[in-house]
Amino acid sequence: MRLFAAVLPPKDVIQDLADAVAPLRDLPAGRGLRWTEPANWHLTLAFYGEVGEDLLPALRERLARAAAHTGPFALALGGAGQFGRGRALWAGVRGDVRDLRFLASRTEAAARRAGVPTDGHRRYRAHLSLARSGRGGAAPDVRPLLDALDGYRSRSWTVDELALVHSRLPRSGIPGEQPRYETVARWELSASG
């Protein structure tokens with residue numbers, strides 16, 4: 001199974017961001033991007049790739065421990081940024097980002113301890129992916145989109161669970177088809193103080 005650990009924002013926060021992003025799709029800079037579907041929006045904590053069934057029980061156990069050692073914390077979405085000069089457009093994260101980084105580090109360590117191969121430690125950059133540029137050719141200038149989202153702020157919410165998500169890649173070959181995500185497990189963040 002192709003898996004990742006994530007924080008899933010509440011539906012109303014996703015809808016609010018979707019409403020803010022909708023007009024950007026029709027701007028000249030937005031037309032050159034492949035926009036992700038709001039139903040798929042999440043904050044990736046750790047990407048595991050293909051995980052064998054034999055490693056899944058240990059990964060679940062380690063993620064449960066990571067959640068038990070993490071207390072709830074507050075986040076909001078706000079602002080925007082890009083990776084690779086317009087190759088990817090993302091919404092930023094505000095609030096207790098330090099706690100989010102700790103949780104990301106714990107989910108990465110959980111994989112290593114469970115025997116799931118990882119690409120090694122990378123500096124965690126909290127973000128929610130909104131769009132990517134098309135394959136080939138020059139990436140569009142996304143500055144107008146960044147400017148439009150600069151003042152965006154969602155309501156704050158309490159992150160109180162960790163999710164393990166199965167990513168099913170498109171197989172139809174239809175251009176623009178997106179992966180489907182299915183939450184396969186959730187753990188309450190239960191540490192106090």
Side-chain angles (χ1 to χ4, degrees), residues 1-18 35-77 83 88 90-132 154 156-172 177-192:
M1 297 175 77
R2 190 170 189 261
L3 299 171
F4 61 89
V7 165
L8 306 175
K11 289 181 182 179
D12 67 310
V13 171
I14 293 293
Q15 186 59 56
D16 185 62
L17 178 60
W35 292 87
T36 58
E37 292 298 323
N40 287 340
W41 287 350
H42 61 274
L43 303 173
T44 301
L45 296 168
F47 180 74
Y48 304 132
E50 292 293 333
V51 176
E53 291 289 331
D54 58 325
L55 298 176
L56 200 50
L59 178 61
R60 284 176 178 251
E61 178 184 329
R62 295 291 181 167
L63 289 172
R65 286 185 195 172
H69 287 94
T70 305
F73 55 94
L75 289 182
L77 300 176
F83 292 129
W90 47 262
V93 180
R94 309 269 191 242
D96 296 331
V97 177
R98 183 172 181 238
D99 291 334
L100 182 66
R101 284 189 192 110
F102 282 141
L103 182 57
S105 178
R106 287 178 174 140
T107 60
E108 184 179 315
R112 282 194 311 275
R113 290 182 183 126
V116 175
T118 61
D119 290 340
H121 180 72
R122 282 188 234 156
R123 185 174 173 267
Y124 182 71
R125 180 73 182 261
H127 69 281
L128 186 149
S129 296
L130 296 172
R132 292 177 180 79
S154 77
S156 180
W157 81 93
T158 299
V159 175
D160 58 5
E161 72 176 15
L162 162 64
L164 181 63
V165 181
H166 181 192
S167 172
R168 298 176 187 270
L169 295 176
R171 296 180 188 249
S172 70
E177 185 180 13
Q178 298 189 12
R180 289 187 353 249
Y181 298 139
E182 173 190 355
T183 301
V184 294
R186 295 174 189 257
W187 298 274
E188 182 181 344
L189 303 185
S190 56
S192 59

Report summary line: Sorted by chain and number, sequence neighbours left out, salt bridge (Lys or Arg N to Asp or Glu O under 4.0 Å) with Asp12 holds for Arg155
Report summary line: For Leu189 and Glu161 the tightest heavy-atom approach is CG-N, 3.6 Å
Query raised in the report: Could you go step by step and tell me if Leu56 and Val184 meet the side chain to side chain contact (heavy atoms under 4.5 Å, CB included) rule?
Result: CA-CA 11 Å; Leu56 200 50; Val184 294; over 6 Å; no
Requested in this report: Rounded to the nearest 0.5 Å, what's the gap from CG on Leu75 to OG on Ser156? Could you check?
Outcome: 7.0 Å
Report summary line: Sorted by chain and number, sequence neighbours left out, ring pair (Phe, Tyr, Trp, His ring centres under 6.0 Å) with Phe73 holds for none
**Report entry** Expected output: side-chain Asp160 to main-chain Pro72 donor-acceptor under 3.5 Å
**Finding:** no
Query - Distance (rounded to the nearest 0.5 Å) between Phe47 CZ and Glu108 CD - result: 13.0 Å
**Report entry** Nearest heavy-atom neighbours spanning Ala58 and Ala114
**Finding:** C-CB, 3.7 Å
Report task. Working to the nearest 0.5 Å, report the span between CH2 of Trp41 and CG of Leu8. Result -> 14.0 Å
Report summary line: Rounded to the nearest 0.5 angstrom, the CG-CD distance for Leu164 and Glu182 is 10.5 Å
Query raised in the report: If every non-hydrogen atom of Ala46 is compared with every non-hydrogen atom of Thr107, which pair is closest and at what distance?
Result: CB-OG1, 3.4 Å
Report summary line: Scanning both residues in full, the closest heavy-atom pair of Leu100 with Ala126 reads CD2-CB, 3.6 Å
Report task. Look at the side chain of Ser129 and the backbone N and O of Trp90, then say whether any donor-acceptor pair between them is shorter than 3.5 Å. Result -> no
Query raised in the report: In Å, rounded to the nearest 0.5 Å, how long is the span from CG of Leu77 to CG of Asp16?
Result: 8.5 Å
Query - side-chain contact (heavy atoms from CB on, under 4.5 Å) against Ala104, all qualifying residues, sequence neighbours excluded - result: Leu45, Tyr124
Query raised in the report: According to the salt bridge (Lys or Arg N to Asp or Glu O under 4.0 Å) rule, which pairs have a member within residues 44-62, sequence neighbours left out?
Result: Glu61-Arg65
Report task. Begin from the C-alpha positions of Val159 and Leu43 and carry the test side chain to side chain contact (heavy atoms under 4.5 Å, CB included) through to its verdict. Result -> CA-CA 11 Å; Val159 175; Leu43 303 173; over 6 Å; no
Query raised in the report: How would you list, by chain and number, every residue that makes a side-chain contact (heavy atoms from CB on, under 4.5 Å) with Ala39, sequence neighbours excluded?
Result: none
Report task. With the side chain counted from C-beta on, respond yes when Trp187 and Leu63 share a heavy-atom pair under 4.5 Å apart, and no when they do not. Result -> yes
Report summary line: So CZ of Arg94 and OG of Ser154: to nearest 0.5 Å the spacing works out to 10.0 Å
Query raised in the report: What pairs with Phe4 under ring pair (Phe, Tyr, Trp, His ring centres under 6.0 Å), at least two apart in sequence or on another chain?
Result: His42, Tyr181
Query raised in the report: Side chains of Arg106 and Leu162: does their closest heavy-atom pair fall under 4.5 Å?
Result: no
